[in-house]
2 protein chains.
Amino acid sequence: MKGVEPSINDVARAAGVSTATVSRALRGLPNVSAATAAKVTQVAEQLGYSASPAAVSLASGATRNIAIVCSQLNMWFTSNVCEAIVRAAQDEGFTASLLCLGKGSLHEAGAGQRRRVQAAKLRRRADAVIVVALPLLAGELAELQALNVPVVFVGPAVTGQACVHIDEYATAREATSYLLGRGHTTIAHLTGPADDDAEEGPPLLRLRGYVDALAAGGIEVDYELIAHCDYDREAARSAARDLLRTRPDTSAILGFSDVHAAGALAAAADLDLRVPADIAIVGIDGSELSEVLALTSLAQDPVLQGEAAVSLALDMLTGAPVPEQNVFPTTLIERASV
Amino acid sequence: MKGVEPSINDVARAAGVSTATVSRALRGLPNVSAATAAKVTQVAEQLGYSASPAAVSLASGATRNIAIVCSQLNMWFTSNVCEAIVRAAQDEGFTASLLCLGKGSLHEAGAGQRRRVQAAKLRRRADAVIVVALPLLAGELAELQALNVPVVFVGPAVTGQACVHIDEYATAREATSYLLGRGHTTIAHLTGPADDDAEEGPPLLRLRGYVDALAAGGIEVDYELIAHCDYDREAARSAARDLLRTRPDTSAILGFSDVHAAGALAAAADLDLRVPADIAIVGIDGSELSEVLALTSLAQDPVLQGEAAVSLALDMLTGAPVPEQNVFPTTLIERASV
DNA sequence: CTGTTAGCGCGTTCAC
DNA sequence: GTGAACGCGCTAACAG
């Protein structure tokens with residue numbers, strides 16, 4: 001009912017000790033007698049006291065907050081990673097704040113490029129930053145580093161930085177090999193968006209895996225079989241339709257993601273092709289979409305990756321050395337699309 | 001390169017004015033001459049100054065942060081609403097922090113009940129709280145109110161509180177009427193989870209709409225046609241399968257959500273029923289799932305709702321009176337499942 | 001229109 | 001083991 005929050009002074013007064021002692025006791029510092037510690041804790045609880053985050057932050061310099069920077073929340077990988085981060089942060093006594101830089105909803109005009117990472121929006125607001133599924137633009141890395149806080153990347157890897165990701169190359173290669181093993185020889189690849197800046201982003205890495213798998217199977221790359229589109233089912237559908245019309249001899253498609261694969265599936269339906277009889281389709285992610293559509297996919301675990309990112313960030317916060325490349329496995333899940 | 005952030009004092013010194021003037025100038029307060037304002041702004045920019053959020057918060061009492069409380073981020077409605085909130089908050093100069101109280105990932109043991117809303121986790125951390133798609137447990141509303149900040153609910157409505165939602169009753173009624181209009185008379189309803197506490201939650205309201213639509217069509221409710229399950233496709237599939245086995249005369253199913261409808265679709269496939277020939281299925285949400293599965297659905301717009309929630313919260317912050325019930329429309333999208 | 005003076009609520013030296 | 005004093009960086013009164 002009272003509109004005023006009890007401060008550390010109130011606790012100190014009620015407990016008959018100084019504010020310094022309250023501070024020490026409540027934070028479990030060693031130099032407090034068990035008796036006073038108990039007393040203070042009890043009084044604090046009774047008063048419903050909790051330290052003002054702002055005051056703590058101002059005095060200590062730490063925010064106990066982890067900032068998440070992502071593109072859009074309404075994508076399978078991102079939402080799952082973010083949720084895992086939020087939960088892990090909570091469990092560690094951290095809050096989590098979110099920044100969405102993606103192209104934005106259809107309601108917004110333009111819908112052009114995404115917003116840039118702005119250091120000012122992050123400065124003194126977080127003890128660590130986790131960048132989720134966001135290929136960096138030129139200069140953004142520098143800006144993030146200027147924050148002087150641990151930065152962890154989930155998804156697109158950044159060389160020289162703490163990263164959590166799957167083995168893009170190996171995953172695509174395995175998927176392609178799998179299709180080769182099933183007898184396919186004309187395998188198309190509906191690859192991902194050209195990362196604005198990152199030359200070594202997932203699309204390129206997966207493309208290499210695809211190419212090398214073909215090579216290992218004695219098949220030369222046919223660039224007509226490589227289409228390229230954004231993270232959008234309709235775009236993928238359209239791209240796949242074009243591809244299948246240009247090259248009706250295509251017998252299998254490897255999608256960059258399940259979304260791409262779903263688009264390919266729709267394209268096949270558009271062209272009255274039967275899956276997998278006329279055309280086999282494989283995706284990457286192992287998302288719900290792949291379950292729903294019975295899509296064979298190489299599954300990754302976003303929750304594990306989100307948790308790992310938090311763990312890395314907190315370790316870095318303590319100054320502990322952490323491995324830069326934290327690679328998580330993918331597993332082939334066979335469903336009806338092959 | 002410098003590890004030290006410039007403070008308001010540095011700016012004041014460099015600009016040859018007092019800190020108070022800097023504060024006023026940078027916040028655009030009226031009582032500053034245009035000349036000094038310009039000077040201060042210029043110096044601040046040059047120094048790369050930005051106010052310490054903690055200090056601002058401590059001195060002003062406001063956090064310029066909006067706390068979002070949700071269950072899980074990896075659900076269509078929630079993730080879209082949250083993203084919209086985050087974006088709208090950003091645009092208004094607010095940060096957004098997130099709390100996930102849902103049952104948690106499969107990695108966590110137990111996976112029992114969700115965590116409770118804890119006021120302590122929110123106290124002095126946000127100027128407003130937006131609760132997204134989270135039916136409240138007993139006592140939680142009181143705890144939220146004790147925060148003394150605006151609280152807005154998106155999804156499940158709370159009487160007497162600022163809410164953003166669709167007309168649950170009318171939506172379900174329209175969906176049911178639509179099926180009636182298509183000649184169906186044995187219409188089942190795969191309804192939602194029993195909200196732990198909220199008697200008047202979406203499941204019950206939609207159920208009423210369903211019942212009343214039947215009544216208006218001269219059809220008596222058949223409780224055998226009402227199944228009940230959680231927000232989970234597999235659970236829905238299983239429930240729908242049971243229902244269809246018990247009542248093979250069922251000619252249509254209204255799902256509580258697209259997820260429920262997707263489960264029903266899978267169940268139909270399990271039983272070798274053809275959709276829509278043998279059984280028609282309608283969902284609610286108009287999510288991507290409904291697109292992918294060609295599910296007829298009553299679509300709602302989570303982005304609009306998230307934006308509205310922020311707008312409401314900020315209005316309440318200024319003390320402006322706001323309407324309590326903010327109802328958004330749903331629109332029927334006809335696809336192949338009917 | 002501007003500067004001065006106090007706090008905001010804590011953590012953190014130091015002395016004791 | 002404990003307390004007094006100071007400072008974190010800023011806003012809010014109040015003077016002028």
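Heavy atoms only: backbone and side chains are in, while hydrogens, waters and symmetry mates are out. The sequence lines fix the lettering, A, B, ..., with proteins before strands; numbering per chain opens at 1.
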*Determine which pairs satisfy side chain to side chain donor-acceptor pair (under 3.5 Å) with at least one residue from residues 44-59 of chain B, sequence neighbours left out, and list them in order.*
B/Gln42-B/Gln46
*Please name all residues satisfying side-chain hydrogen bond (donor to acceptor under 3.5 Å, both in side chains) with B/Arg64, sequence neighbours left out, ordered by chain then number.*
none
_Going by the rule side-chain hydrogen bond (donor to acceptor under 3.5 Å, both in side chains), which residues pair with B/Thr41 if we only count those two or more places apart in sequence or in a different chain?_
none
*Taking atom C1' of C/dA15 as reference, at what distance in whole Å does atom CG of A/Asn31 sit?*
14 Å
_Measure CZ/B/Arg124 against C1'/C/dG9 and give the value in whole Å, please._
7 Å
*Not counting sequence neighbours, which residues clear side-chain hydrogen bond (donor to acceptor under 3.5 Å, both in side chains) with A/Thr19? List them please.*
none
*Looking at C/dG11, D/dC10, D/dT2, which one has an atom nearest to any side-chain atom of A/Thr36?*
D/dT2
*asked:* Counting only side-chain nitrogens and oxygens, does B/Thr21 get under 4.0 Å of the OP1 or OP2 atom of C/dG3?
replied: yes
*A/Ser7 side chain N/O closer than 4.0 Å to the phosphate oxygens (OP1, OP2) of C/dG9?*
no
*Quick one: does A/Arg125's side chain have a donor or acceptor within less than 3.5 Å of a partner on A/Thr63's backbone?*
no
*Do the side-chain N or O atoms of B/Ser23 get closer than 4.0 angstrom to the phosphate oxygens (OP1, OP2) of D/dT11?*
yes
*Contacts of A/Glu92 that satisfy side-chain contact (heavy atoms from CB on, under 4.5 Å) - sequence neighbours left out*: A/Phe94, A/Leu314
*Would you kindly give the CZ-to-P distance between B/Arg27 and D/dG9, to the nearest whole Å?*
17 Å
*Ignoring hydrogens and angles, tell me if any N or O in the side chain of A/Glu83 forms a donor-acceptor pair with the backbone of B/Cys100 under 3.5 Å.*
no
*asked:* Quick check on DNA chain C: between B/Ala37 and A/Pro6, whose nearest nucleotide comes earlier from the 5' end?
replied: B/Ala37
Listing, residues 315-322 of chain B side-chain donor-acceptor contacts under 3.5 Å, not counting sequence neighbours, or none:
| residue | atom | partner | partner atom | Å |
| --- | --- | --- | --- | --- |
| B/Thr318 | OG1 | B/Asp315 | O | 2.7 |
| B/Thr318 | OG1 | B/Ala320 | N | 3.4 |

Check: residues 65-74 of chain A side-chain donor-acceptor pairs under 3.5 Å, at least two apart:
| residue | atom | partner | partner atom | Å |
| --- | --- | --- | --- | --- |
| A/Asn65 | OD1 | A/Ser97 | OG | 3.2 |
| A/Asn65 | ND2 | A/Thr95 | O | 3.3 |
| A/Asn65 | ND2 | A/Thr95 | OG1 | 2.5 |
| A/Gln72 | NE2 | A/Asn74 | OD1 | 3.1 |
| A/Asn74 | ND2 | B/Asn80 | OD1 | 3.1 |

*asked:* Treating A/Ser79 as the side-chain partner and A/Met75 as the backbone partner, does any N or O pair qualify as donor plus acceptor under 3.5 Å?
replied: yes
*Output yes when at least one side-chain N/O atom of B/Ser33 is less than 4.0 Å from OP1 or OP2 of C/dT2, else no.*
yes
*asked:* Tell me which residues in residues 45-61 of chain A lie within less than 4.0 Å of DNA chain D, going by non-hydrogen atoms.
replied: A/Leu58, A/Ala59
*Take atom CG of B/Leu29 and atom P of C/dC1, then tell me their distance rounded to the nearest Å.*
12 Å
*Rounded to whole angstrom units, what separation is found between the CZ atom of B/Arg13 and the C1' atom of C/dG3?*
15 Å
*Measure from the side chain of A/Ile8, starting at C-beta and using heavy atoms only, and say which of D/dT2, C/dG11, D/dC10 lies closest.*
C/dG11
*Under the side-chain hydrogen bond (donor to acceptor under 3.5 Å, both in side chains) test, which residues partner B/Glu140, sequence neighbours left out?*
B/Arg114
*To the nearest Å, give me how far apart CG (B/Asn9) and C1' (D/dC8) are.*
11 Å
_Partner set under side-chain contact (heavy atoms from CB on, under 4.5 Å) for A/Ala142, not counting sequence neighbours_ = none
_Euclidean distance, atom CG of residue A/Leu26 to atom P of C/dG9 [Å, nearest integer]_ = 16 Å
*Using rotation axes that map the C1' atoms of four end pairs onto the next four (five pairs an end), what angle separates the end axes of the helix from C/dC1-D/dG16 to C/dC16-D/dG1, to 10°?*
30°
_Whole-Å gap separating P (C/dG9) and CG (A/Asp10)_ = 9 Å
Under 3.5 Å, which protein N or O atoms sit close to an N or O of nucleotides 13-16 of chain D? Give each pair with its distance.
none

*asked:* Please determine whether a side-chain nitrogen or oxygen atom of B/Arg64 lies at a distance below 4.0 Å from atom OP1 or OP2 of D/dT11.
replied: no
